[in-house]
**Q** 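The structure follows.
Everything numeric in this text was worked out from a predicted model, so none of it was measured.
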Amino acid sequence: MAEGIAQKHELISKLPIFLKRQGLSEQTIEYLKRSVFFAYPGTLWLKMSVDPDEAHAPNSINYRHSLNPDETGEALNAWFLKNPAMHNVVFDLRGITIFDLTSMVALFERVGLETMNKFWVCHGEIEGILRDQSAISKERLFSSERDMICRLRNIPADRLCRVVLPKLVDLMSLDAALQAQAPPSRLKDFDAIAFDFTDVVSLTFQAHSMITPIIHSIAHKHGILTTIVNLGRSKVESDLVNHGSFRVMRSNFIHVPQEYFRQVDALDPETVPDSALHLKASPNVGLSIFSMRAFESDELNPIKELCARRLELILYEHKWWFREVAGVSHGATPTQMTRVPRYYMDLLRVVDELIDNAAHHSGGLGYLMIELNPEPKKGLSIYIGDTGIGLARGIQRSYKERVEGDLEAVGIALRLVDYLPKRRQLRGTSAFGGRGLEHVRILLKRLSATAWIRSGTAMAEFAPRKGQEPIKVYPNLYDVQGTHIHINIPTQWEAIS
């Protein structure tokens with residue numbers, strides 16, 4: 001969640017190791033490990049109090065009293081220089097009753113670069129003491145965590161990195177807009193990214209599905225929030241709502257009217273479990289959407305059950321579409337009609353296998369979105385992804401095989417069965433693992449599907465009926481955490497009556 005403070009965040013995860021290399025004492029590092037939190041945007045939050053019920057409370061209090069302001073400030077400032085995404089420092093003094101004023105004020109002075117903002121959260125006697133300090137601006141004192149978070153999230157326009165989206169937003173045009181307007185070197189100077197919808201007329205399914213992981217990736221890599229501006233077209237807005245494109249990352253949004261999120265909540269699949277969302281792709285064509293869902297490894301059964309129910313409803317609503325893609329003609333024999341449930345079960349196996357991969361092998365959050373648009377050149381689109389360790393690291397962790405970056409990793413994704421003799425026997429894994437994507441490839445071949453596998457800065461396009469090698473590769477993409485798989489089964493006719 002981005003609405004509070006977090007002790008676990010990618011941007012502060014390696015701070016203890018860095019401080020050890022700076023020569024800080026073990027006591028100081030131990031105290032800081034328990035005291036350092038992250039808050040959006042780009043904020044190092046130092047919670048100075050000690051929980052009296054904590055097992056190490058006496059030691060932690062002694063460590064705090066023995067902090068050396070000069071050494072601590074020098075080490076933390078060296079870390080700030082290497083992490084330009086950090087723009088703010090918050091000294092949280094709630095719960096402290098006794099402290100050395102001279103030492104504490106010295107710590108306030110030493111910690112933080114000149115370009116950074118400093119804030120204090122305190123109340124009662126300590127607030128009165130700090131108000132008497134000429135070096136501390138009264139406007140930077142807050143009495144509660146909530147007030148402080150609200151202040152941090154009140155981001156002015158000049159701290160927004162604006163990304164003007166194109167008229168038609170597809171996977172590649174979205175990528176190009178981000179590369180041109182929000183490169184990592186630029187994001188370090190901002191507190192939020194603002195997606196500008198002024199020119200947008202439509203978004204493809206793939207673009208919808210990648211919005212959530214892109215927002216997540218930018219937040220975790222750069223510590224910044226998100227907003228949307230100039231969303232003037234009702235069709236585009238309803239399309240975003242129907243796909244749940246922003247729902248999962250709602251806590252990362254600022255300046256977004258709550259009415260938007262009320263619309264999103266109304267379409268939550270668990271709120272209306274007995275009917276698939278049924279819209280109009282065109283005046284004569286129905287469109288079914290299973291909007292964006294996020295899941296963790298302990299939520300596998302519920303997400304699979306929900307997905308199976310939705311796919312069954314979509315199958316019921318579009319029987320004629322499934323008959324066509326399964327190769328069943330009108331007036332088919334009973335034997336031919338059995339192809340439809342077989343086709344459906346193959347589809348379900350693909351989804352189940354990819355959900356398992358996202359949950360068990362990525363180490364991150366998983367995502368799922370499905371759409372069936374029976375129009376020509378559209379079809380059934382499935383997205384399953386995660387914001388975990390990425391394919392290259394995942395392969396190197398599971399196989400005794402060196403992978404030279406994201407491009408090679410996505411290129412070999414559907415022939416990992418060739419590397420089974422090199423598979424490592426990791427604790428808690430099966431000796432027969434590694435066949436998941438091979439099963440997916442075989443099923444996709446049977447389903448006549450196309451697949452796009454993206455990880456980090458590269459993507460590969462596969463047509464399994466044509467072989468295991470990609471038919472096209474896309475290098476040098478915008479860096480997005482994790483692995484993202486798109487599948488499309490095209491509509492089998494050119495006109496809809």
Side-chain angles (χ1 to χ4, degrees), residues 170-171 202-209 235 238-239 242-244 267 269 272-293 304-355 368-384 440-452 461-465 485-497:
D170 59 19
L171 206 56
S202 66
L203 294 89
T204 66
F205 171 85
Q206 289 187 334
H208 276 295
S209 65
K235 181 182 181 301
S238 62
D239 205 23
N242 293 331
H243 284 85
L267 296 172
V272 192
D274 297 325
S275 64
L277 181 61
H278 195 67
L279 306 169
K280 289 292 183 181
S282 68
N284 301 311
V285 180
L287 173 68
S288 289
I289 301 172
F290 178 25
S291 60
M292 176 65 78
R293 299 291 294 175
K304 285 183 178 181
E305 289 170 5
L306 181 61
C307 182
R309 291 203 307 271
R310 286 306 164 116
L311 276 176
E312 189 173 353
L313 287 165
I314 290 172
L315 170 62
Y316 177 77
E317 291 173 353
H318 300 280
K319 299 185 194 72
W320 39 276
W321 186 91
F322 276 90
R323 281 201 301 263
E324 292 287 347
V325 296
V328 178
S329 59
H330 293 287
T333 65
T335 301
Q336 288 174 320
M337 287 302 297
T338 62
R339 293 179 190 170
V340 175
R342 283 208 308 265
Y343 194 94
Y344 168 76
M345 292 307 299
D346 283 347
L347 194 58
L348 209 53
R349 289 189 191 102
V350 168
V351 173
D352 282 359
E353 187 69 56
L354 292 178
I355 287 175
L368 171 65
M369 184 189 285
I370 299 173
E371 172 190 283
L372 197 157
N373 184 340
E375 286 187 316
K377 300 181 181 179
K378 300 289 186 179
L380 182 65
S381 297
I382 300 170
Y383 163 72
I384 299 174
V440 169
R441 184 189 68 80
I442 292 170
L443 290 169
L444 291 180
K445 180 179 180 180
R446 194 182 301 169
L447 295 169
S448 300
T450 303
W452 294 261
E461 181 179 345
F462 295 88
R465 295 190 76 178
I485 300 177
H486 290 92
I487 295 166
N488 178 257
I489 301 171
T491 297
Q492 294 296 310
W493 62 91
E494 291 304 316
I496 298 178
S497 56

**Q** A side-chain contact here means heavy atoms from C-beta on lying under 4.5 Å apart; do Leu447 and Ile487 qualify?
**A**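 Of all side-chain heavy-atom pairs linking Ile487 with Leu447, none is under 4.5 Å.
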**Q** Does any part of the side chain of Trp452, heavy atoms only, come nearer than 4.5 Å to the side chain of Gln206, both counted from C-beta?
**A**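 Side-chain contact under 4.5 Å: yes.
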**Q** Between Asp170 and Thr204, what is the shortest heavy-atom contact and its length?
**A**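 Looking at all heavy atoms of both residues, the closest pair is CA-OG1, 3.4 Å.
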**Q** If you take all heavy atoms of Ala449 and Pro464, which pair is closest and at what distance?
**A**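 Scanning both residues, the minimum pair turns out to be O-CD, 3.3 Å.
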**Q** Quick one: does His208's side chain get under 4.5 Å of Asp239's, heavy atoms only?
**A**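 A side-chain contact under 4.5 Å exists here.
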**Q** Would a 4.5 Å heavy-atom cut-off, applied to side chains only, mark Ile370 and Cys307 as touching?
**A**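 A side-chain contact under 4.5 Å exists here.
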**Q** Can you confirm whether Tyr383 sits close enough to Glu371 that some side-chain heavy atom of one is under 4.5 Å from a side-chain heavy atom of the other?
**A**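 Side chain of Tyr383 against side chain of Glu371, heavy atoms only: no contact under 4.5 Å found.
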**Q** Output the distance between atom NZ (Lys304) and atom CG (Leu368), rounded to the nearest 0.5 Å.
**A**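 If we round to the nearest 0.5 Å, Lys304:NZ and Leu368:CG are 11.5 Å apart.
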**Q** Side chains of Phe322 and Leu372: closer than 4.5 Å at any heavy-atom pair?
**A**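 A side-chain contact under 4.5 Å exists here.
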**Q** Heavy-atom distance under 4.5 Å between the side chains of Ile382 and Val350, does that happen here?
**A**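 Contact flag for Ile382/Val350 side chains = no.
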**Q** Under a 4.5 Å cut-off applied to non-hydrogen side-chain atoms, are Trp321 and Leu380 in contact?
**A**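 When only atoms from C-beta onward are counted, Leu380 and Trp321 do touch, with a gap below 4.5 Å.
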**Q** Is a salt bridge present between Arg349 and Asp352, judged by a nitrogen-to-oxygen distance below 4.0 Å?
**A**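 No salt bridge links Arg349 with Asp352.
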**Q** In terms of heavy-atom contacts, does NZ of Lys445 have more than 12 from other residues, nucleotides or ligands at under 6.0 Å?
**A**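 Count not over threshold, so no.
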**Q** Strictly distance-based, threshold 3.5 Å: is any side-chain N or O of Thr491 a donor or acceptor partner for the main-chain N or O of Glu375?
**A**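 Yes, Thr491 side chain to Glu375 backbone: donor-acceptor pair under 3.5 Å.
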**Q** Nearest heavy-atom pair of Lys378 and Asn488: which atoms, and what distance?
**A**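 Residues Lys378 and Asn488, closest heavy atoms: O-ND2, 3.3 Å.
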**Q** Just how far is it from atom CE of Met369 to atom OG of Ser209, taken to the nearest 0.5 Å?
**A**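 Atom-to-atom, Met369:CE and Ser209:OG are 6.0 Å apart.
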**Q** Hey, can you tell me if Phe205 and His486 have their rings parallel, tilted or perpendicular (30° and 60° cut-offs)?
**A**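 The rings of Phe205 and His486 stand perpendicular, inter-plane angle above 60°.
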